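Report on one structure; see the data block that follows.
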Amino acid sequence: MGKRKGTALPAANPRRSDAMSFTPRVFSGIKPSGGLTLGNYLGAIRRWVAMQDEGMETIYCVVDLHAITVWQDPKELPHATREVAAAMIASGIDPARSILFNQCRVSEHAELGWIFNCVARVGWMNRMTQFKEKAGANAENVSLGLYAYPSLMAADILIYHATHVPVGEDQKQHVELTRDIAAKFNHDYGVEFFPMTEPVTEGPGMRVMNLRDGSKKMSKSGESDMERINMTDDADTIARKFKRARTDADALPSEPAGLAGRAEAKNLVEIYAGLSDSTPEAVLRQFGGQGWGAFKPALADLAVQKLSPISAEMSRLMADPAEIDRLLARGAERARAIAAPILARTYEIVGLVR
Ligand code: TRP
């Protein structure tokens, strides 16, 4: 049995292929805090659908326990939780082929999260850039949960022995921490129990930027609604937002190199490419030399054409919240069938008598 190592990060595991000896299994999560944007769709949900459609075993979770690390109005959280589930289903997540549920229904997440709080080191948490950004100057006054968030995220992943986690660049550090926690657990208890999970950042999936300021990520919490496209926006709103999106005075270039230093222009071209399952190269071959007066209406039409069937399906699903709850409950049962034996074995390894 290995000795506890103090605060040093464990050395990078030389056997990166460890995850290979585990059955490939995909896990990812999305927080129900506020509405969903085009950024969630193009950046995350679309890729989750693709992985499901490739026939992988996929587990997708509405991470409500993560949402409450910052204040959520209890009158709004149930709606937000169901809306994220509805958005996933409307976008093509099939609750029969994927396991889809909300986190608090599977208490194994929180239980393993506690074990991992005892494995992860304070020094590791202090290095998490997302915490530093979110807490900012207010670090003394944020919840303890926000600080421990990455450890619960590791539990979300490892309670299923998930091998692959599709995430945006901003979450990569958390997946690396997940590997550090797995490695330290395995080392400290002398087991090969948790896999070395891989983040998946390639494939369809992109970082969508703010329509008013191309240096900022499109976020559900920004001050102005004009800076984002919400998944529930109607056709007129989508068109208006794209037409008023900030751009520069130059025409579109004929190749991506011409987008350097033009954050807003680059973002709109990438959104067009994302929505049309194409590439910026192809988009610029078509629109190079044209002005925004031609491009923006084309982008608005494309966005309406792609997003309005999804938002229509979302409202249809949201009209029957009880049915969404039934789907989530069924998903949670299937999730628990995987999680419970892994938690039981973890308790045994740790020496907790049950
Ligand atoms: N932290 C992720 C985000 O903010 C959400 C999340 C929670 C997650 N648990 C996860 C993502 C597990 C992937 C795997 O986007």
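Both counts, for ligands and for their atoms, begin at 1 and track the order of listing. Because the structure is a prediction, the values reported are computed rather than measured.
- Annotation: atom 9 (N) of ligand 1 to nearest protein heavy atom, D156 OD2, 2.7 Å.
- Of the N or O atoms in Q171, one or more lie within a sub-3.5 Å distance of an N or O in ligand 1.
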Exercise. Side chain to side chain contact (heavy atoms under 4.5 Å, CB included) between K217 and D170: does it pass, once the steps are laid out?
Worked result: CA-CA 10 Å; K217 195 172 151 177; D170 62 331; 3.0 Å; yes
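- The closest protein non-hydrogen atom to atom 12 (C) of ligand 1 is F27 CE2, 3.4 Å.
- I238 places a side-chain heavy atom less than 4.5 Å from the side chain of L307.
- S33 places a side-chain heavy atom less than 4.5 Å from the side chain of Q72.
- Contact of the N186 side chain with the V191 side chain is registered, since non-hydrogen atoms from C-beta on lie closer than 4.5 Å.
- Under 4.0 angstrom from ligand 1, the non-hydrogen atoms of I157 all belong to its side chain.
- Among C61, G29, A162, the residue whose heavy atom sits closest to atom 11 (C) of ligand 1 is G29.
- Taking every heavy atom of V165 and a limit of under 4.0 angstrom, the matching atoms of ligand 1 come to 13 (C), 14 (C).
- Between H174 and ligand 1, a contact under 3.5 Å exists for no N or O pair.
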Exercise. Given Q52 and D94, is the side chain to side chain donor-acceptor pair (under 3.5 Å) satisfied, shown in steps?
Worked result: CA-CA 8 Å; Q52 164 196 275; D94 173 358; 5.5 Å; no
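- Remark: ligand 1 atoms within the under-4.0 Å shell around heavy atoms of V63 are 7 (C), 9 (N).
- Protein heavy atom at the shortest distance from atom 4 (O) of ligand 1 is Y149 OH, 3.0 Å.
- Side-chain contact between V350 and F185 is present, with heavy atoms from C-beta onward closer than 4.5 Å.
- Side-chain atoms of L146 and F131, non-hydrogen and from C-beta on, do get closer than 4.5 Å to each other.
- Nearest residue to atom 10 (C) of ligand 1 from M153, H109, K134 is M153 (criterion: closest heavy atom).
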